[in-house]
Each structure stands twice: as C-alpha cells, then as structure tokens.
Novice: 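Have a look at this one.
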There are 2 protein chains.
Amino acid sequence: MSGGVEWALHCCVALTSAEAPVPAARLAHLHDVSPTYLAKQLQALSRADLVRSVQGKAGGYILTRSPAQITVLDVVEAVDGPGPAFICTEIRQRGPLAVPAQSCTAPCVISRAMADAETAWRNALRTTSIADLARDVDADARSDISSWLNGAGA
Amino acid sequence: MSGGVEWALHCCVALTSAEAPVPAARLAHLHDVSPTYLAKQLQALSRADLVRSVQGKAGGYILTRSPAQITVLDVVEAVDGPGPAFICTEIRQRGPLAVPAQSCTAPCVISRAMADAETAWRNALRTTSIADLARDVDADARSDISSWLNGAGA
DNA sequence: CAATACTCGGATATTTTATGTCCGGGTCAA
DNA sequence: TTGACCCGGACATAAAATATCCGAGTATTG
C-alpha cells in the first residue's frame, strides 16, 4: 500500500474547508511533508478528476464535486491504481501437469477467493465519503484549518 | 501484495493431496517456478507453523493440521506479514496546526476507515479454508497431482 | 497590451522493498 | 560410520516507491 494515499486523503479532507484554490506547496507545508512528492499525488488526483487544477498567480487545487460525492475508494484507486492488488499468473497452466487453456474458462479458485476479499475491501472503502471523514474531525481543528487555508497562513 | 502469496497458496493446495513429505524442489518443478525463491516462501509458512519441515533423505514439507483448519488468511499473513497494509504516520500531529499528542487518544479518522476496510478483507479471507479451495479443484486434476506427488513424478 | 510572477505538469535521480540466488549446518537413511 | 539429501539463513539483483528538479502555461498587474 502506497504511503502517499494517506497524504492524498488528508489533502482532500483539508480541501473541504477551502473556498479558493490551494497551492500544492501550501498543503505540503500544512502537513509538513515533501512538497514535490505531494505534487505527484495531487497530479494523480487531478488525472482521476477528483480535483481540478487552476493555474496562474492565484491558482491551486479545488475539489471537483461535493465531498459527499467523493468516496475513500476513489482516492485510493486514483493514487495506487485501479488494478487489483492480487494478480493471478495462471500457475495452473504451467509445469508438467499444466491444464490446457481451453479448460480454463472460469478463473482459478485461488484467484476468485482473493478477488472476493478485495471486493469486500473496496465495498468498505466505498461506503465512506470524504464528507464523512471531515464530519468526524474535531470542530475546533476544522475551524483552524479553514482560517489557515483561506487566510494568510503561517 | 507480494506475488509469493499465490505460490504459497498453490503449494498448500497441492500438499492436500500428499501423504509423504514433499521437497521444496519438487513443488517448484510442479509449478514451474524458481526453486530457491519458493523455498523462501515455504520457510515463512514453516515459521508460522502452517507446515512442518522434516529433514533428512526423505524429507520435505507437510501440512501441520487438517486443511479445513488452515484459512487463506493464515497463508497470506504468514507470507506478507501480519501487519496492516496501511500504516498511519499521524500526520495530524505534524505541521503548523499540529494537534497535541494528548488530544490524540482515539485513532485518526482516516486510519480507522482504512483499518475497517482491511478488517473486512481479512474476514473474507478467513471464511475460506485450504480444504475449500481443494474441494473446488477439478477431480481429475487433483487425482493427477496426487499420483504425481506420491509416485515417482515426471 | 506586454511583462512578470506564480502555478501545475511531466521527465529525472535516489532510496527502499521485493525478487531471485547462493552456500553452510543439520538430519535421516543406508 | 558414511553418505547424500534437505532445510535455514546470509548474499546479489531487479523492480518499485520515494523524493527531486526544471520546463510549459496562465492569470495577474503595471
């Protein structure tokens, strides 16, 4: 699991309290992380159309839609890639007892068990939205972030 | 997700059809994979007490208990490690708006969402046993594997 | 309208992890 | 006692994640 997922999620939650575009450098300063590497994660979010990037002097990143419409799964898939974590290499078709490809119409049992587990994982991530995360953050902290982002900052 | 998990699972299923210890080299030949690297995975299974290694001339690996008593989760945790895939670095305690450590009694919201998803994933893997996997394998193929393992082999 | 300052975006190094390999210690069989 | 075989941990290599830099573009601003 890529560690950048944590940064991306925190950024999305922070952007909930922003009304103007926020530069990547400011988000990096807020979380005290590498500015250039955080930019890479934000680019991934931009490619997935979760955030919209505006350029120019007063540019930065903003959420493309309501936080309630963005699930945690969306962010994870944007950063870590949409593909499954477990990839079946079709071992059953190899070795001295290889089963012919024509008999492999259904996916192998192991592959299916892993896929089912990943589906459960995805479903769990899908049930939580960025709005849900922001709602559970302490009210004081959210207020501080809002003023820090919209104001001059430290 | 480590690719060796797939190898380990296939080995466990194959060992279901074995009545005598099977050397790692033979399992590698059966699946046509790197013998030395497969040995590493089997060592992990041995450390987790899922398989028992017997040394000497007629040595090899055997399952320590009934296939019904070994879950897919056991194998995955043995190979990939028992720790969670997502590790919270406590970003909320960093940066200019860092919240004091004394206020962080409960885990952060993002960490909890990820942990819940992983729990769902683990529960799914726990419901499937090695015996379940073996049961769903084609009867002919299982018979072939049994004779290949217990007989002289190719 | 031109210059400018600030932003994102992709191409580029470095470090960590996973992958693959090797040889020595130990054990059972003969 | 001898021998051969097997496992176990220590050692290279390859891939990926992490961290970084410089160029392309745009809205501001004089």
Side-chain angles (χ1 to χ4, degrees), chain A residues 1-8 11 15 18 20-29 31-64 76 78-81 83 85-87 89 91 149 152-153, chain B residues 1-8 11 15 18 20-64 76 78-81 83-87 89 91 149 152-153:
Chain A
M1 165 81 51
S2 161
V5 172
E6 186 184 10
W7 299 6
C11 285
L15 286 177
V22 181
R26 179 168 284 230
L27 286 170
H29 181 212
H31 301 101
D32 187 25
V33 296
S34 170
T36 54
Y37 187 45
L38 180 62
K40 191 187 267 294
Q41 318 300 341
L42 292 171
Q43 284 170 28
L45 294 181
S46 176
R47 256 171 277 172
D49 274 322
L50 298 179
V51 301
R52 171 63 65 188
S53 72
V54 304
Q55 291 194 338
K57 187 159 186 171
Y61 289 99
I62 52 174
L63 297 177
T64 55
V76 171
V79 174
D80 263 19
F86 180 89
I87 41 155
T89 61
I91 284 185
L149 282 181
Chain B
M1 163 85 47
S2 161
V5 171
E6 185 185 10
W7 298 7
C11 284
L15 286 176
V22 182
R26 179 168 285 228
L27 286 170
H29 181 211
L30 170 62
H31 300 101
D32 187 24
V33 297
S34 169
T36 54
Y37 188 44
L38 179 62
K40 192 186 268 291
Q41 318 299 341
L42 292 171
Q43 285 172 27
L45 295 180
S46 176
R47 255 171 277 171
D49 274 322
L50 299 180
V51 301
R52 171 61 65 185
S53 72
V54 304
Q55 292 194 336
K57 188 159 186 171
Y61 288 99
I62 53 175
L63 296 177
T64 54
V76 172
V79 174
D80 263 20
F86 180 88
I87 40 156
T89 62
I91 284 185
L149 283 181

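Every chain is numbered from 1, with letters handed out A, B, ... down the list of sequences.
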Novice: Is there a side chain to side chain contact (heavy atoms under 4.5 Å, CB included) between A/L45 and A/V79? Walk through the geometry before answering.
Specialist: CA-CA 7 Å; A/L45 294 181; A/V79 174; 4.2 Å; yes

Novice: Using the side chain to side chain contact (heavy atoms under 4.5 Å, CB included) criterion, which residues pair with A/T89? Sequence neighbours excluded.
Specialist: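 Listed in chain order: A/I91, B/E6.
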
Novice: Can you tell me how far C1' of D/dC7 sits from CG of B/L42, to the nearest Å?
Specialist: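 Checked: the CG to C1' distance equals 10 Å.
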
Novice: Which residues in residues 45-55 of chain B have a heavy atom closer than 4.0 Å to any atom of DNA chain D?
Specialist: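 Output list: B/S46, B/R47, B/S53, B/Q55.
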
Novice: Whole Å only: how far is the NZ atom of A/K40 from the P atom of D/dA19?
Specialist: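 It is 12 Å, rounded to the nearest whole Å.
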
Novice: Taking all atoms of both residues into account, what is the closest heavy-atom pair of A/H31 and A/C11, and its distance?
Specialist: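 The pair with the smallest heavy-atom distance is CE1-SG, 4.0 Å.
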
Novice: Can you give me the closest heavy-atom contact between B/P23 and B/G59, atom names plus distance?
Specialist: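 Distance-wise, the nearest heavy atoms are CG-O, 3.8 Å.
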
Novice: Does B/V22 reach the side chain of B/L30, with side-chain heavy atoms less than 4.5 Å apart?
Specialist: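 Sidechains of B/L30 and B/V22: no contact.
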
Novice: Let me know the distance between CD of A/E6 and C1' of D/dA17, rounded to the nearest Å.
Specialist: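 It is 15 Å, rounded to the nearest whole Å.
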
Novice: For D/dC7, does either OP1 or OP2 sit under 4.0 Å from a side-chain N or O belonging to B/Q43?
Specialist: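 For B/Q43, the contact criterion (side-chain N or O under 4.0 Å from OP1 or OP2 of D/dC7) is not met.
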
Novice: When the distance from OH of B/Y37 to C1' of D/dA10 is rounded to whole Å, what number comes out?
Specialist: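 It is 16 Å, rounded to the nearest whole Å.
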
Novice: Once rounded to the nearest 0.5 Å, what's the spacing between atom CZ of A/R26 and atom NE2 of A/H29?
Specialist: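 Answer for the CZ-NE2 pair, A/R26 versus A/H29, is 9.0 Å.
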
Novice: When you match A/L38 and A/K57 each to their closest nucleotide on DNA chain D, which lands nearer the 5' end?
Specialist: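 Closest to the 5' end, via its nearest nucleotide, is A/L38.
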
Novice: Select base, sugar-phosphate, or nothing to describe what A/A39 touches, counting heavy atoms under 4.0 Å on all strands.
Specialist: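 No contact at all - A/A39 keeps every heavy atom at 4.0 Å or more from the nucleic acid.
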
Novice: In whole angstroms, how far is the C1' atom of D/dC6 from the CG atom of B/L27?
Specialist: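 Result: 13 Å.
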
Novice: CG of A/D80 versus P of D/dA17: gap in Å, rounded?
Specialist: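 About 7 Å, once rounded to whole Å.
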
Novice: Has the side chain of A/S2 got a donor or acceptor atom that lies under 3.5 Å from a matching backbone atom of A/D80?
Specialist: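 Here the side-chain-to-backbone pair does not exist.
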
Novice: Please determine which of B/L63, B/L42, B/L50 meets the side-chain contact (heavy atoms from CB on, under 4.5 Å) test together with B/L15.
Specialist: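 Of the listed residues B/L63, B/L42, B/L50, the side-chain contact (heavy atoms from CB on, under 4.5 Å) partner of B/L15 is B/L63.
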
Novice: Report the residue (B/S34 or A/A25) whose heavy-atom-nearest nucleotide on DNA chain C is the more 5′ of the two.
Specialist: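 Nearer the 5' end of the strand: A/A25.
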
Novice: What's B/T36 touching, base or sugar-phosphate or nothing? Going by heavy atoms closer than 4.0 Å.
Specialist: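 Touches a base.
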
Novice: Minimum heavy-atom separation for B/S53 to B/Y61, with atom names?
Specialist: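 Smallest heavy-atom distance, with atoms named: CB-CE2, 3.6 Å.
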
Novice: Of all nucleotides in DNA chain C that come within under 4.0 Å of a heavy atom of chain A, which is furthest toward the 5' end and which toward the 3' end?
Specialist: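 The protein-touched segment is C/dC6 to C/dA11.
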
Novice: Nearest to the side chain of A/S2 - D/dA19, D/dT18, D/dC5?
Specialist: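 The answer is D/dT18, which lies nearest to the side chain.
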
Novice: What's the CZ-C1' distance between B/R26 and D/dC7, to the nearest Å?
Specialist: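 Distance check: B/R26 CZ to D/dC7 C1' gives 17 Å.
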
